2 protein chains.
Amino acid sequence: MHNLSTDTNIPKLLKDVGLRVTPQREAILNFLIHYEGHATVDDIYQAVHPTFPGLSVSTIYNTMKHFGELGLVKEITFGDAASRFDVNVQPHHHLVCKHCGKLIDFYLPQPPNFALPPDASGFEIEDYHLEVKGTCRECRDKGRDEARNEQTQ
Amino acid sequence: MHNLSTDTNIPKLLKDVGLRVTPQREAILNFLIHYEGHATVDDIYQAVHPTFPGLSVSTIYNTMKHFGELGLVKEITFGDAASRFDVNVQPHHHLVCKHCGKLIDFYLPQPPNFALPPDASGFEIEDYHLEVKGTCRECRDKGRDEARNEQTQ
DNA sequence: ACCTAGATGATAATTATTATTAAAAAGGAG
DNA sequence: CTCCTTTTTAATAATAATTATCATCTAGGT
């Protein structure tokens, strides 16, 4: 598990996790490190493409898969929408605005306690994620809804 | 919020929630009520289609949207996979097996307590869902993986 | 400089879902 | 019961995210 910050040495990091150092990977990582919020593949593409015209979305998908497996990013998948990637790989949870889709991180002081039901005996817990849905202040203030896809960070 | 059981009067229920009583809706509801687990649109289609050849998937999507809005079912959406529908509309949570996709319900004795971060001030919580990922016993026993899409209930 | 495993990019394929729309059916009014 | 309006259905096309394919290219060791 790696925690990335703006002063991470990108080529070194890539070598450390056993990946070849390619300009594409450097560009993507660099973007993610500086990005506030939770980027989708398309966000990455839109941002990196101008300064790196060759870049293909396949490469981004590929790269994100690698990064995910190596613990550089965490994929957040919500029902309907596109996957988002988070350089915050600390265990954490999300508030999701039902109206604009905004994501806000939060942390639990301690894992929630619950008893496994009988039909789950032998289930080995590896990870948990709490998704809290509701309405963010902005959407509560303005007339709700019609905000979708505006502030989807 | 309605809790469906095997002795629910389906036509009456449909009328009560303000929907027209159609054979398609009756068939879908009847299937859901008797189904153990969490059905996908395709599950419904596969099950109902043989005895109701005309049924179209559009109708199922449509119907599930209505049922969801009226609180007859709860849609569970996980990242990659197809949406599932649960006639258990009580607030509850899920264990998800990473290998075979099996879903197991569980309940929290009390809501997890957490403090909203400062950038979430004004966020109005409406709902929360805890998703616990791991490996179910069956997948732990057999050689893992290659089970995907077998016991996806 | 050379070689080979691995990476890339273009494109096609897949999958879940939504939109469209003409035809059919539900349910109330007369 | 028949007519009428509105909703629903079903078939199809459209969309959108993601994965698969594969020829070409390149990183990094020799």
Side-chain angles (χ1 to χ4, degrees), chain A residues 10-29 38-46 48-70 72-73 75-85 101 145 148-149 152, chain B residues 10-29 38-46 48-70 72-73 75-85 101 145 148-149 152:
Chain A
I10 294 178
K12 179 172 185 314
L13 173 66
L14 287 171
K15 281 199 198 89
D16 287 350
V17 298
L19 289 177
R20 287 192 179 176
V21 181
T22 70
Q24 291 87 340
R25 286 172 180 166
E26 292 188 77
I28 293 171
L29 252 186
H38 311 79
T40 62
V41 165
D42 194 58
D43 291 334
I44 301 171
Y45 183 74
Q46 296 306 330
V48 180
H49 186 253
T51 60
F52 200 134
L55 187 70
S56 144
V57 286
S58 320
T59 302
I60 303 176
Y61 276 106
N62 242 316
T63 301
M64 298 319 291
K65 198 168 94 182
H66 284 129
F67 286 178
E69 286 164 353
L70 295 165
L72 301 186
V73 301
E75 184 173 1
I76 319 165
T77 49
F78 293 126
D80 40 339
S83 284
R84 294 167 176 284
F85 298 91
D145 269 307
R148 181 152 266 292
N149 298 327
T152 310
Chain B
I10 293 179
K12 179 173 185 312
L13 173 66
L14 287 171
K15 280 200 199 86
D16 287 351
V17 299
L19 288 177
R20 285 190 179 179
V21 180
T22 68
Q24 291 87 342
R25 286 173 179 165
E26 291 189 75
I28 293 172
L29 252 187
H38 310 79
T40 61
V41 165
D42 194 59
D43 291 335
I44 300 171
Y45 183 74
Q46 296 307 330
V48 180
H49 187 253
T51 60
F52 200 134
L55 188 69
S56 143
V57 285
S58 319
T59 301
I60 302 176
Y61 275 107
N62 241 317
T63 302
M64 297 319 291
K65 199 168 92 178
H66 284 130
F67 286 179
E69 285 164 353
L70 295 165
L72 301 185
V73 301
E75 183 173 2
I76 319 165
T77 50
F78 292 127
D80 40 337
S83 284
R84 295 165 176 285
F85 297 91
D145 268 307
R148 181 151 266 291
N149 298 329
T152 309

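Convention: sequence-line order gives letters A, B, ...; per-chain numbering from 1. For clarity, every value in this text was computed on a predicted model and none was experimentally measured.
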Straight-line distance of B:Gln24 CD to B:Thr63 OG1, nearest 0.5 Å: 7.5 Å
Give the residues of residues 49-61 of chain A touching DNA chain C, defined as any heavy atom closer than 4.0 Å, sorted by residue number. A:Gly54, A:Leu55, A:Ser56, A:Ser58, A:Thr59
On DNA chain C, which is the earliest and which the latest nucleotide, 5' to 3', with an atom closer than 4.0 Å to a heavy atom of chain B? C:dA16 to C:dG27
Report yes if some heavy atom in the side chain of A:Phe67 is under 4.5 Å from a heavy atom in the side chain of A:Val17; otherwise report no. no
Nearest heavy-atom approach of B:Thr51 to B:Pro53 is C-CD, 3.7 Å
Do the side chains of B:Arg25 and B:Leu19 get nearer than 4.5 Å, heavy atoms only? yes
What stems, by residue range, does DNA chain C take part in, given at least 3 consecutive Watson-Crick or G-U pairs under 3.5 Å? C:1-30 with D:1-30
Taking all atoms of both residues into account, what is the closest heavy-atom pair of B:Ser83 and B:Thr77, and its distance? OG-CG2, 3.0 Å
Run the side chain to side chain donor-acceptor pair (under 3.5 Å) test against A:Asn62 and tell me which residues pass, sequence neighbours left out. none
What pairs of residues pass the salt bridge (charged side-chain N to carboxylate O under 4.0 Å, His left out) test when at least one of them lies in residues 12-23 of chain B, not counting sequence neighbours? B:Lys12-B:Asp16
Taken in chain and number order and not counting sequence neighbours, the residues that satisfy side chain to side chain donor-acceptor pair (under 3.5 Å) with A:His66 are none
Interatomic distance, A:Leu13 atom CG to A:Leu72 atom CG [nearest 0.5 angstrom]: 5.0 Å
B:Tyr61 meets the ring pair (Phe, Tyr, Trp, His ring centres under 6.0 Å) criterion, sequence neighbours left out, with none
Give me the residues of residues 10-22 of chain B where at least one heavy atom lies under 4.0 Å from an atom of DNA chain C, by number, or none. B:Arg20, B:Val21
Side-chain N or O of B:Gln24 versus OP1/OP2 of D:dA10: is the shortest distance under 4.0 Å? yes
Under the side-chain contact (heavy atoms from CB on, under 4.5 Å) rule, collect the residues that match up with B:Val57, sequence neighbours excluded. B:Tyr45
With sequence neighbours left out, write down each residue that passes side chain to side chain donor-acceptor pair (under 3.5 Å) with A:Glu26, or none if nothing qualifies. none
Going by the rule side chain to side chain donor-acceptor pair (under 3.5 Å), which residues pair with B:Ser56 if we only count those two or more places apart in sequence or in a different chain? B:Ser58
Roughly, in whole Å, what's the span from CG in B:Asn62 to C1' in D:dT6? 15 Å
